[in-house]
Amino acid sequence: MFAITLPDGSVRSYDKPVSGRELAADIGPGLARSALAVRIDGTLRDLATVIDRDAQVSILTPRDAEALELLRHDAAHVMAEAVKELYPETQVTIGPAIENGFYYDFARPTPFQPEDLERIEARMREIVDRDEEIVCETWDRDEAIAFFLAQGEKYKAEIIESIPAGQNITLYRQGGFIDLCRGPHLPSTGRLGKAFKLMKLAGAYWRGDSRNEMLQRIYGTAWTDEKQLKAYLQQLEEAEKRDHRRLGKEMDLFHFQEEAPGAVFWHPKGWTLFQRLIAYMRRRQHEAGYVEISTPEVMDRQLWVTSGHWDTFREHMYFTQTEDERVYAIKPMNCPGGIQVFKHGIKSYRDLPLRMAEFGKVHRYEPSGALHGLMRVRAFTQDDAHIFCTLDQMQEECQKVVGLIMDIYRDFGFEDVRIKFSDRPAKRIGSDEVWDRLEGALKSALEHMGYEYGYNPGEGAFYGPKLEFVLRDAIGRDWQCGTLQVDMNLTERFDVTYVAEDGQRHRPVMLHRALFGSLERFTGILIEHYAGRFPLWLAPLQAVVATITSDADAYALEVLAALKAAGLDCEADLRNEKINYKVREHSVAKVPVMLVVGRREAEERTVALRRLGGNTQEILALEEAVATLAGEAASPA
RNA sequence: GCUGCCGUAGCUCAGUGGUAGAGCACUCCCUUGGUAAGGGAGAGGUCGUGAGUUCAAUCCUCACCGGCAGCACCA
């Protein structure tokens, strides 16, 4: 006798082993029909798993969140089965469930074409209709290797070879398809349903290593029902409308062109936005005790040899060709320049911490495939700063930086900022003792402040560990924005010192930090975050004065002048067009405020104020409207 | 950088082995109209670049440049 405890606390006793499927049937026929898998003492298992001892058991149905993951994993297997049926020469590799869907990596001599996706998807639907039973089999490792090698599946064999010898492994069989898999799976292919869609085709390196051959990856999405699938596809469409590359074009903010891949041509409106961000940051930094500097963009090679960039970063750097044959590099980072400013003259411990900010434009030769609108460019402006401090001050300075970043992000409405901690990379300078100390400082700063963080092993800068502050774009891609790095290596290399209370020279610690990170990237994130509808203080064109008839032209210009005098960026629209047309056009252009004036307003010295997104207007006295808007246009405290 | 796809008017896109088309935007004319597109006319492209095949290339082939998706990279 043994007892199975169900989630509602009820207990069922059995005197012989019972499978998940039988258990579900015992509980009720409805549950038997919808059962997909079982959770036994916290572990997810196939429905066919036999229970023969006391256990906590729950039956998984499509209503459970985890069911979706199983379903997506099954979708990957069904896709692999379809591919093997249609293209038998293809080798299968791996196919996991991922956020919103699944993928499977295939190896085959001729690449898939987009049209193939339709065929594969159609075959998948057939396999679902066949409702093939999905059966788990336990195999001896070596037999499994031999089996897959005999099938010509060398990737599968390679995966199994990396499993320790003597261990049994599980294979899942459905119809004529058999795959190495840890499971669990749904009971049959019919359970997958048809709420799936193959989305895109892409290359992916075998085992994620660019030295390996490239496989063909097919991505798909899968959901428990059609409604969810449709909602997801619709959400993707909506996200596309927020894409900063699209909005940048529509709103005339910036452009790119062939002659300067990965470098932005900022148009007047985009540049206004950019400058607003700089002005805001300048004020925040000033309040936080920073001074501002500016250092050369082009400096001699020797400086970069000293800094270590020549050895560790050269392939990402631009160089100049000049008559004097001296080798200059265009700066990829601001730190060496900042150090020169610190080193100029003798610094005392009384000067520390010294916080030197620089809106420095840097150039990095990024891999062509990495370029992505404003998010990943080859020339960008950092809101950089280097904080020179003593070892004792390091921790507090780190906390101040983290506090400042989070506070600033809040002003833009970013509440869920993810923080990642990256420790020492393989390619680095400096001793392990120093790295221990630096990594400790960053971690304890976060822990003191109670922030949760993720961990990126080996992803630090070559001179020190770092924190990354990650924001997500409209399409769901994550981008590192703010960063904080602690460094005792560059100060060593450049022999940076200060005179301490003991009259001796000591080595300061250097913090590298950027809050927006790259102004270009942050601007891109903001465009998507606000879907182009910027708050008044950021909007490049804050208001348009639109006339109803030309009788109001003179008054409209007066209104415009009053708004400009109050510091607002605005335009007058006196065109010979109907007010409907003007309202539509400026709404589409996402101008936050429209001040409509006709004969009535001109006589009464009022304006009809219409805000973006609303369809009502408010009649205000001119002075009142100007004062209100000027107040709203001030940047956040 | 790697794999695949793509590159036609300012923008979004259609199209053909015999030197190109739509909508929007633009210019001009009519219209002065109260809150999301009033009407008419006009102008605008060496079809990404270079080579090749062909009597003939925007269309076929190759290379290069650039873009998109993913992978790898992201100090």
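In what follows, every chain begins at residue 1, and chains take the letters A, B, ... in the order their sequences are listed. Keep in mind it's a predicted model, so treat the numbers as computed, not measured.
One finds a side-chain N or O of Asn580(A) lying less than 4.0 angstrom from the OP1 or OP2 phosphate oxygen of A36(B). In terms of phosphate contacts, His372(A) brings a side-chain nitrogen or oxygen within less than 4.0 Å of OP1 or OP2 of A69(B). Side-chain nitrogen and oxygen atoms of Arg477(A) include at least one within less than 4.0 Å of the OP1 or OP2 phosphate oxygen of A69(B).
In terms of polar N and O atoms assigned as donor or acceptor, the side chain of Gln216(A) never comes within less than 3.5 Å of the base of G70(B) in a complementary pairing. A donor and an acceptor atom sit less than 3.5 Å apart, one in the side chain of Tyr205(A) and one in the base of G1(B).
Of the candidates G4(B), C65(B), C68(B), C68(B) carries the atom nearest the Arg245(A) side chain, counting heavy atoms from C-beta on.
Across Gly308(A) and Phe462(A), no two heavy atoms sit closer than the pair C-CZ, 4.0 Å.
Heavy atoms of Ser550(A) sit under 4.0 angstrom from at least one base atom. Gly308(A) comes within 4.0 angstrom of nothing in the nucleic acid, heavy atoms only. As judged by a 4.0 angstrom heavy-atom cut-off over every strand, Lys582(A) is placed among residues making no nucleic acid contact.
Residues Gln257(A) and Glu259(A) bring a donor and an acceptor atom of their side chains to less than 3.5 Å of each other. Checking Thr295(A) against Glu358(A) by side-chain atom types alone, a donor-acceptor pair falls below 3.5 Å. Between the side chains of Ser162(A) and Glu158(A), no donor N or O sits under 3.5 Å from an acceptor N or O.
With both pairing distances under 3.5 Å, C24(B) is matched to G10(B) as a Watson-Crick or G-U wobble pair.
Summary of the strand contacts: Tyr219(A) and Arg376(A) both lie near RNA chain B, and taking for each the nucleotide with the nearest heavy atom, the more 5' one is attributed to Tyr219(A).
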